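Comments concern the structure below.
Index from 1, following the sequence. First listed ligand is number 1; within each ligand, the first listed atom is number 1. Note that the structure is a prediction, hence the values are computed from the model and not measured.
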Amino acid sequence: MNQAKLKRSDLWIENINGKPNAGQASYPVFNPVNGQELARIPSDGYDQTIDAIAIARQAFPLWKKQLAKTRSQLLKKWHDLIVTNAEDLAIIITTEQGKPIAESRGEVMYAASFIEWFAEEAKRAYGDVIPSHKPGAKIIVTKEPVGIVGAITPWNFPMAMITRKLAPALAAGCVVVLKPSEETPLSAHALIALAREAGIPEGVLQCVSGNPVQIGAALMDSKNVRKISFTGSTRTGKLLAEQAAKTIKKLSLELGGNAPFIVFEDADIDAAVEGAMASKFRNSGQTCVCVNRFFIHNAIYDEFSTKLAKAVEGLKQGDGFTEGVNQGPLINATAMEKVSSHVEQAVSLGAKVMVGGSKSELGALFYKPTVLSGATLEMAMAHEETFGPVAGLYRFDSDDEVIRAANDTDFGLAAYFYSSNLARVWKVADALEVGMVGINEGVISTEIAPFGGVKESGTGREGSKYGLTDYMETKYMLMGGLSVD
Ligand code: ADP
């Protein structure tokens, strides 16, 4: 770790380490690069979560009543503090999550962008006035905050996935109990420290971290928690959906993906390789919109695969603080197990290793960036998200064949394709069963566009104007007895 640079990031980590916790259990946080223990975090469970919900309940009516402009100004302050402290925040991300520091810097600004966007949107939570259906009456539609929100976030973007939920929730007038991933709680605590500094009241935004099952159960059992916003695995998302049925909570679920990346024969191959690298190997393949299946037209298969393999050979793995490193470790042993087993099974079924194909000597959690040619649809990696730096290449001949194959999955988050034929672009974009499509683009995430999936990839949208309405209820008022003269 770069000790010279650690100032506030050190302090935040120490504060959490030293937080008095009266005999409360604690859990360790590790640096995935070398397995070093970074901190011990007090472990919250069911009771602490119920307490947090009670505090949130008191805070909600006051926060709801605040002028939208006041909420907006507080969010803006939080945004500015994140930007001012960007380097320390980036250091925390790389230290506990492992991604290269340049990616962490990008994530901090991406995380801040949601707060800025929703600080602006807070003032635009417009309702409607509808022409009445009878004389002497008016119809008014207002938007109201849904209430207490439970936000459950993953480790792959330990800051951005938090602000993408918290910013619209707070902007809408909701209060939040946040449960970050137990792999990356330091990022969450640092963001909360800055929220406090910005003046966001304690009851409005609380963080409980520790036992996921207990915290989840408390959030789900409570009638006062009116919405759960979750980003994580489809397995956990399904469990939460079942639990939410007990009290009919609103749900936003950003779950797993199985993104296809299609390269047609009329594509700009170099642009496609560039897009493939960005989309597949960002965060070492650990994003839910990462490509999971490369469908390459037979006519350009050899050219594309050779160029992709060359680009992948040029990647540099290592400690994210080392100059030139653009591939960090996987997050944990379970992730390593999944990546290795996908590659082993694919090779046993006939896939050819063009690059990589094995664990790296760099450390227990490093898997070499890999390109496999000759992938086929019976392989596990065609149906399950590998969530690692492995590109499996499939061949196709016709548009209809590839559209069918791309849609042949339970998931529907993102899809990408490269083509220069306008008619084909519209045909394919319309036919793909996903929430987001990158057309001649490999990176699609931005705070100004709606992020979310269809099928088992989830429900709800984050970011953009749609992101705010996910945290609001619609109330219709019919006002009668008015003069008809
Ligand atoms: P991954 O396998 O990628 O870590 P998970 O879905 O397990 O994905 O984790 C995403 C988030 O969901 C994390 O914050 C994790 O702690 C949380 N989580 C996992 N299991 C539960 C559960 N039973 N109830 C509530 N939250 C959970």
Using modelled atom types only, decide if a donor and an acceptor are shared between the side chain of Asn292 and the backbone of Thr386 within a distance under 3.5 Å.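 Yes.
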Which pairs with one or both residues in residues 325-339 pass side chain to side chain donor-acceptor pair (under 3.5 Å), sequence neighbours excluded?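 The answer is Glu183-Asn332.
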Any carboxylate oxygen within less than 4.0 angstrom of a Lys/Arg side-chain nitrogen, looking at Glu116 and Lys76?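 Looking at Lys76 together with Glu116, the answer is no, because their closest N to O distance does not fall below 4.0 Å.
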Salt bridge or not for Lys250 and Glu473, using N-O below 4.0 Å?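 Salt bridge flag = yes for Glu473 with Lys250.
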With Lys249 as reference, evaluate Met220, Lys223, Lys227 under the side chain to side chain contact (heavy atoms under 4.5 Å, CB included) test and give the passing residue.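 Going through the options one by one, the only one that passes is Met220.
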Tabulation required: pairs of a nitrogen or oxygen in ligand 1 and a protein nitrogen or oxygen under 3.5 Å; columns are atom names and distance to 0.1 Å; otherwise 'none'.
unit_1   : atom_1 : unit_2 : atom_2 : d
ligand 1 : 4 (O)  : Trp155 : NE1    : 3.2
ligand 1 : 6 (O)  : Ser233 : N      : 2.9
ligand 1 : 6 (O)  : Ser233 : OG     : 2.7
ligand 1 : 6 (O)  : Thr236 : OG1    : 2.9
ligand 1 : 14 (O) : Thr153 : O      : 2.7
ligand 1 : 14 (O) : Lys179 : NZ     : 3.1
ligand 1 : 16 (O) : Lys179 : NZ     : 2.9
ligand 1 : 16 (O) : Glu182 : OE1    : 2.6
ligand 1 : 16 (O) : Glu182 : OE2    : 3.4
ligand 1 : 24 (N) : Pro212 : O      : 3.3

Return the minimal non-hydrogen interatomic distance between Leu413 and Val434, and the atom names on each side.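 Nearest heavy atoms, Leu413 then Val434: O-CB, 3.4 Å.
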